[in-house]
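No experiment lies behind these values; they were computed from the predicted model shown. Each chain gets a letter, A, B and so on, in the order the sequences are listed, and its residues count up from 1.
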Amino acid sequence: MRLSQFHLATVKEVPADAEIASHRLMLRAGMIRRLASGLYTWSPLGLRVMRKVEGIVREEMDRAGAIELLMPSIQPRELWEETGRWQKFGGQLLKIKDRKQQEFCYGPTHEEVITDFARNELKSYKQLPINFYQIQTKFRDEIRPRFGVMRAREFLMKDAYSFHLTQESLAETYAAMYQAYTRIFTRLGLTFRAVQADTGAIGGNASHEFQVLADSGEDAIAFSDGSDYAANLEKAEALVPVGERETPTETLARVDTPRVRTVEDVTRYFNVAAHRVIKTLLVRGHDGLVALCLRGDHELNEVKAGKLAELSGESVLASEEEILAAIGARPGFIGPVGLPQNIPVIVDRDAAQLADFICGGNTNDVHCSGANWLRDARISRIADLRNVVEGDLSPDGKGVLHIARGIEVGHVFQLGQKYAEALGATVIDDQGKPQLMTMGCYGIGVSRIVAAAIEQRHDDAGIVWPEAMAPWRVVVCVINPKKDPAVAEAAEALYQSLSQRGIETALDDRGLRPGGMFADMELIGIPHRIVVSERGLAAGTLEYRGRQDADSRAITEQDLFALLG
RNA sequence: CGGGGUAUAGCUCAGUCUGGUAGAGCGUUGCGUUUGGGACGCAAAAGUCGGGGGUUCGAAUCCCUCUGCCCCGACCA
């Protein structure tokens with residue numbers, strides 16, 4: 001590509017509210033332009049990169065036996081009514097009407113459409129298993145779009161849906177998709193981890209997220225240093241602590257603690273560590289309030305809490321009014337000692353080990369010290385309620401957990417029969433009987449990968465693309481071609497011979513001064529740079545510099561071809 | 001949904017408190033000089049100051065209202 005014939009649109013300034021590196025760099029490099037909140041135009045440069053990602057995804061999906069199709073982005077309400085998700089999906093579902101007032105939504109995902117397709121197309125078990133995929137624009141009306149295309153409302157996604165007669169068949173395709181994803185992210189040159197994920201309300205047997213590791217990631221993941229265990233923080237189990245509960249040595253006392261509300265306040269007031277404090281959260285259960293007790297230095301894991309039998313699927317904190325009405329004290333002064341009998345007290349595994357702890361006194365401005373389980377406070381049940389922390393033992397018994405941040409770029413999921421059941425998707429089995437199909441679904445955030453890669457790979461000068469994602473692998477920069485026609489000719493000849501070898505090459509023939517040209521090429525992250533100048537021509541060599549090299553070096557044309565393979 | 005901020009030239013922003021003919025940098029256009037790390041000079045084009053209403057002799061500036069956008073929060077007591 002001759003850059004004089006392309007549309008490169010780098011800019012020096014970027015809005016103050018572009019917070020993370022990938023967002024800033026994508027704007028500066030001119031890869032994207034914002035149209036409205038969460039909506040972006042992909043410029044020719046940005047699109048080249050996204051197409052690279054798409055290409056690798058497509059190749060690996062095809063290799064893994066999936067078949068590409070394309071479904072509409074707009075979907076009819078009736079189909080979503082069949083699965084109950086027209087209501088359940090919530091505010092993320094963008095609903096629209098046509099001129100006849102018929103209702104539609106812009107597809108945030110395609111389970112309904114593909115299952116409808118499958119129930120019409122698939123009649124016999126002999127057609128199974130089958131795995132359909134598409135690369136399609138989706139729209140989710142995010143509460144708060146941010147970080148550019150990282151969390152945009154409209155985004156490009158590869159989604160695949162597999163259909164099976166048996167769970168075993170599903171497990172096979174699931175494993176194949178897991179392998180395909182591993183190949184995809186490896187080929188893309190990203191540092192990633194496949195982590196166990198919570199299967200959520202849908203149930204199902206297995207789910208893994210593929211997380212690109214980056215400090216700016218919105219997800220927390222836990223991984224072991226002694227095995228390949230890795231899980232989303234929501235999912236990672238906090239093991240039962242070793243050893244017995246300590247023996248009480250103190251007597252229970254009520255202490256006046258005016259305005260001491262938070263755990264931090266309590267540690268300061270009593271001069272104790274946070275892990276000697278019990279914090280008590282009141283949540284709404286099936287049947288009135290439920291108390292959840294945790295150590296002061298631990299955080300509630302809402303997914304784990306939501307699964308408690310006493311709760312109805314999700315953990316919703318009681319309001320201050322509810323708490324006042326039930327306990328007679330404000331939040332901040334709630335504790336397990338002397339709670340009304342009708343409130344179940346569910347205690348975290350670690351919290352249950354404590355002795356002589358401090359907790360709220362269930363009276364405003366009062367805390368209890370020297371409190372002990374059983375002697376002073378009921379335990380209805382002990383459960384894993386907390387998020388794991390750095391240094392916890394790995395749930396598989398090997399090694400210690402570390403916490404890292406990640407960007408979710410892929411998700412594989414064994415769906416089961418939920419959608420097949422709702423939409424009546426059956427095939428005739430070898431006994432001639434209709435059987436519900438079992439499904440899997442597998443997503444990859446194509447546009448998000450572009451941002452995630454930049455997040456992981458950039459420096460002060462700009463983007464550092466992995467070779468597989470770069471808009472061009474090499475750029476030929478021409479210095480002062482007008483002064484000496486031989487320079488222009490040499491650059492043109494090199495550009496031609498690189499292109500003929502199938503190496504994607506950009507020729508920077510825009511006529512910029514060297515400084516501006518170099519800065520642009522570094523900003524847009526081209527992995528290899530060749531400078532053709534009067535100087536080099538005289539010496540009979542080319543000047544090569546890799547994107548992350550400190551200096552350039554002389555190289556012959558033959559060595560260059562060898563280097564670029 | 002709650003709180004806060006913001007809206008001025010193509011872009012990034014000053015100017016608003018204290019009302020008096022609209023500003024800068026970058027970019028763009030023309031001419032000239034330059035040409036190995038974002039050059040310089042001269043000239044030029046470019047803004048219904050987010051929309052509507054009000055106060056005033058006079059509003060980017062004060063008041064009301066609507067809208068867009070951004071940030072924080074939506075439970076960890």
Contact list for RNA chain B against residues 512-521 of chain A - heavy-atom distance below 4.0 Å: Arg513(A), Pro514(A), Gly515(A), Gly516(A), Phe518(A), Ala519(A), Asp520(A)
Identified pairing partner of C17(B), criterion: Watson-Crick or G-U wobble below 3.5 Å: none
Donor-acceptor pair (no angle test) under 3.5 Å: Glu522(A) side chain, G37(B) base: yes
Span that lies between the C1' atom of C26(B) and that of C40(B), in whole angstrom: 16 Å
Base G37(B) paired with Arg529(A) side chain (donor-acceptor, <3.5 Å): yes
Check ion pair Lys304(A)-Asp384(A) (N to O, under 4.0 angstrom): yes
Asp520(A) and Thr10(A): side chain donor to acceptor below 3.5 Å: yes
Electrostatic pair Asp356(A):Arg276(A) at N-O distance under 4.0 angstrom: no
Touch class at under 4.0 angstrom, heavy-atom based, for Ser319(A) against every strand present: nothing
Value rounded to 0.5 Å, distance of CD in Glu504(A) from CG in Leu498(A): 12.0 Å
Nearest-neighbour nucleotide for the Pro15(A) side chain, C71(B), U12(B), C76(B) considered: U12(B)
Phosphate OP1/OP2 of C70(B) contacted by Ser37(A) side-chain N/O (<4.0 Å): yes
Distance between C1' atoms of G23(B) and U16(B) (Å, rounded): 14 Å
Aromatic ring proximity, centroids under 6.0 angstrom, Phe6(A) and Trp472(A): yes
Residue met sooner reading RNA chain B from 5', once Gly511(A) and Arg330(A) are mapped to nucleotides: Gly511(A)
Any side-chain heavy-atom pair of Leu374(A) and Arg245(A) under 4.5 Å: yes
For G41(B), the Watson-Crick or wobble counterpart (both distances under 3.5 Å): C31(B)
Identified pairing partner of G2(B), criterion: Watson-Crick or G-U wobble below 3.5 Å: C72(B)
Pair partner, C26(B) [Watson-Crick or wobble, under 3.5 Å]: G10(B)
Beyond-backbone contact of Arg553(A) with Arg545(A), side-chain heavy atoms, under 4.5 angstrom: no
Position toward the 5' end of RNA chain B (nearest nucleotide), Arg34(A) or Leu300(A): Arg34(A)
Identify the pairs formed between an N or O of the protein and an N or O of nucleotides 25-30 of chain B at a distance under 3.5 Å, and give each distance.
residue: G25(B); atom: N2; partner: Glu13(A); partner atom: OE1; Å: 2.7

Donor-acceptor pair (no angle test) under 3.5 Å: Arg33(A) side chain, G10(B) base: no
